[in-house]
Protein chains: 2
Amino acid sequence: MPRVSRAQAAQNRERTVEAAAELFRERGVDHVSVQDIMAAVGLTHGGFYRQFESKEALLPEAARHAYDRMAARLSNLDAQAVDHTAAQRQYIQRYLSAAHRDHPGQGCPIAGLIQDITRTDSTETRDLLTERVSDLGKWLNQDGRDGLVTACTLIGALLVARAAGSPLSDQVLERVTAALTAAE
Amino acid sequence: MPRVSRAQAAQNRERTVEAAAELFRERGVDHVSVQDIMAAVGLTHGGFYRQFESKEALLPEAARHAYDRMAARLSNLDAQAVDHTAAQRQYIQRYLSAAHRDHPGQGCPIAGLIQDITRTDSTETRDLLTERVSDLGKWLNQDGRDGLVTACTLIGALLVARAAGSPLSDQVLERVTAALTAAE
DNA sequence: CAGTTTAGATGATGTAACTCATCTATAAAT
DNA sequence: ATTTATAGATGAGTTACATCATCTAAACTG
């Protein structure tokens, strides 16, 4: 079976990055094996090292992939909402939804990858996160509120909601949403 | 050499929990081996399983140990400060200091263990975190501000500051401190 | 003080997973 | 059409670690 077309190989590579981005956010880099990733794409572990230097080298690629999707979502919100303030409000509400809490694999990559990025040696990966946090902070800026602070609150609340049991987990989502969407 | 006194053995056990609490916060449970923990206490890996069921069983004990120190520190602040508001302000400033960011091993166990607790199966460990987050939220309550929200902001900011590179990391500490200590 | 118990040391075992060597069948190149 | 290059499969090799078996010497017990 081996030897697929160039186009097919490129698509497989892309799907590998995508699968890694999802699995890394879901379980953390350490709890995902190369086999897990390749199996998610429907391949075996063998082809991995022809496409990637190592498992670690996959982290910045996976992160970038997920960040780009996130950026696209922000643009989308701006395009659909009546104004930027409405888009911000929408974002906050979705960010602190039970759905987002319960599906980290599809969720915010900053929150999902933050622990692994804290411990990585790759400055590329760290710089990438730094830039995206900064971007998010700017996007969340409001008149009386520092967007960077809002970003930290969102990330903290999501992580706490994911770790805590009921009923606190739900309360965190509710109360932080209330605080961030209140008029000042 | 083996067979030490009962008192010595108990103290060794205690020191093992303490070492684990520090190492787990510093590197995460997965990046700490049983050997690492025992070596930190000056022992070999052999005696571990006489004291603990497994490495996993150490997590709730280590967490409780660290939480108790944290609670003691809060009491201390209340005792030393002129009033509760001043104690809160002190806590926020220390929480968002560069020293706290750079020494997770001695720092907030909620922030330090949150990722490992998110993935644990132990409801005991999860319930413990839930309770302590709730406690911290209550302690941080202020007139115009929900303390649970403040707690999430603190935790999020600390985690972001630990993951991000300069200069954003410092900016996060500064700007979140400013926001949380501003009069409303 | 003799006998028993046990904290901890040493060494073995088993497993998981990263990485690499080799193979094969097909896509690209000539 | 023939040759060559390579995506991916298969199957180790290696390392790291959790856990367990056994040993020993000193602390407890009576």
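The sequence lines fix the lettering, A, B, ..., with proteins before strands; numbering per chain opens at 1. Hydrogens, waters and symmetry mates are skipped; everything else that's a heavy atom, side chains included, is used. The structure displayed is predicted, hence computed values, not measured ones.
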A.B. asks: Taking all non-hydrogen atoms of both residues, which atom of Leu173(B) and which atom of Ala161(B) are closest, and how far apart?
C.D. replies: CD2-CB, 3.7 Å
A.B. asks: Indicate, with a heavy-atom threshold strictly under 4.0 Å, whether Val32(A) touches base, sugar-phosphate, or nothing.
C.D. replies: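 If one applies the 4.0 Å heavy-atom cut-off, Val32(A) turns out to touch the sugar-phosphate alone, with no base involved.
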A.B. asks: Atom NZ of Lys55(A) and atom C1' of dT15(D): how far apart are they, to the nearest Å?
C.D. replies: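 Distance check: Lys55(A) NZ to dT15(D) C1' gives 14 Å.
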A.B. asks: Answer yes if the side chains of Asp36(B) and Ser33(B) hold a donor-acceptor pair under 3.5 Å, and no otherwise.
C.D. replies: yes
A.B. asks: Quick one: do the His65(A) and Glu61(A) side chains pair a donor with an acceptor below 3.5 Å?
C.D. replies: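 Short answer, no.
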A.B. asks: Both Tyr49(A) and Asn12(B) contact DNA chain C. Taking the nearest nucleotide for each, which residue is further toward the 5' end?
C.D. replies: Asn12(B)
A.B. asks: Mind calculating the distance between CG (Leu43(B)) and C1' (dT6(C)) to the nearest angstrom?
C.D. replies: 15 Å
A.B. asks: What is the distance from NE2 of His31(A) to C1' of dA16(C), rounded to the nearest Å?
C.D. replies: 12 Å
A.B. asks: Would Arg64(B) and Glu131(B) pass as an ion pair if we require N to O under 4.0 Å?
C.D. replies: no
A.B. asks: Mark yes or no for a side-chain to base donor-acceptor pair under 3.5 Å between Arg3(B) and dT5(C), with no hydrogen or angle criteria applied.
C.D. replies: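 Looking at the base of dT5(C), it does pair with a donor or acceptor on the side chain of Arg3(B) (distance under 3.5 Å).
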A.B. asks: State whether Gln51(A) places a side-chain N or O below 4.0 Å from either non-bridging phosphate oxygen (OP1 or OP2) of dG8(D).
C.D. replies: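 For Gln51(A), the contact criterion (side-chain N or O under 4.0 Å from OP1 or OP2 of dG8(D)) is met.
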A.B. asks: Return whichever of Asp36(B) or Ala7(B) has its heavy-atom-nearest nucleotide of DNA chain D closer to the 5' end.
C.D. replies: Asp36(B)
A.B. asks: Can you measure Glu53(B) atom CD to dT19(D) atom P for me and round it to whole angstrom units?
C.D. replies: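 Nearest whole value for this atom pair: 9 Å.
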A.B. asks: OP1, OP2 of dA9(D) versus side-chain N and O of Thr44(A): anything below 4.0 Å?
C.D. replies: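 True: Thr44(A) side-chain N/O within range (under 4.0 Å) of dA9(D) OP1/OP2.
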A.B. asks: Using a heavy-atom cut-off of 4.0 Å across all strands, would you classify Ser5(A) as base, sugar-phosphate, or nothing?
C.D. replies: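 Sugar-phosphate: the residue Ser5(A), judged by heavy atoms under 4.0 Å, touches backbone atoms but no base.
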A.B. asks: To the nearest angstrom, how far is Gln35(A) atom CD from dT19(C) atom C1'?
C.D. replies: 12 Å
A.B. asks: Between atom CE in Met38(A) and atom P in dG8(D), what is the gap in whole Å?
C.D. replies: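 Whole-Å distance recorded here is 7 Å.
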A.B. asks: Ignoring hydrogens and geometry beyond distance, is the side chain of His45(A) in donor-acceptor contact with the base of dG11(D) at under 3.5 Å?
C.D. replies: yes
A.B. asks: Check every atom of dT6(D), dT6(C), dA18(D) against the side chain of Val34(B) and return the nucleotide holding the closest atom.
C.D. replies: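 Closest nucleotide among those given: dA18(D).
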A.B. asks: Take Gly46(A) and Arg50(A), find for each the nucleotide of DNA chain D with the closest heavy atom, and name the residue whose nucleotide sits nearer the 5' end.
C.D. replies: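 The residue closer to the strand's 5' end, by nearest nucleotide, is Arg50(A).
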A.B. asks: Could Arg101(A) and Asp170(A) be called an ion pair, given the rule that one side-chain N must be under 4.0 Å from one carboxylate O?
C.D. replies: yes
A.B. asks: Rounded to whole angstrom units, what separation is found between the CG atom of Leu59(A) and the C1' atom of dC18(C)?
C.D. replies: 16 Å
A.B. asks: For Gln8(A) and dT6(D), give me the distance from atom CD to atom C1', rounded to whole Å.
C.D. replies: 14 Å
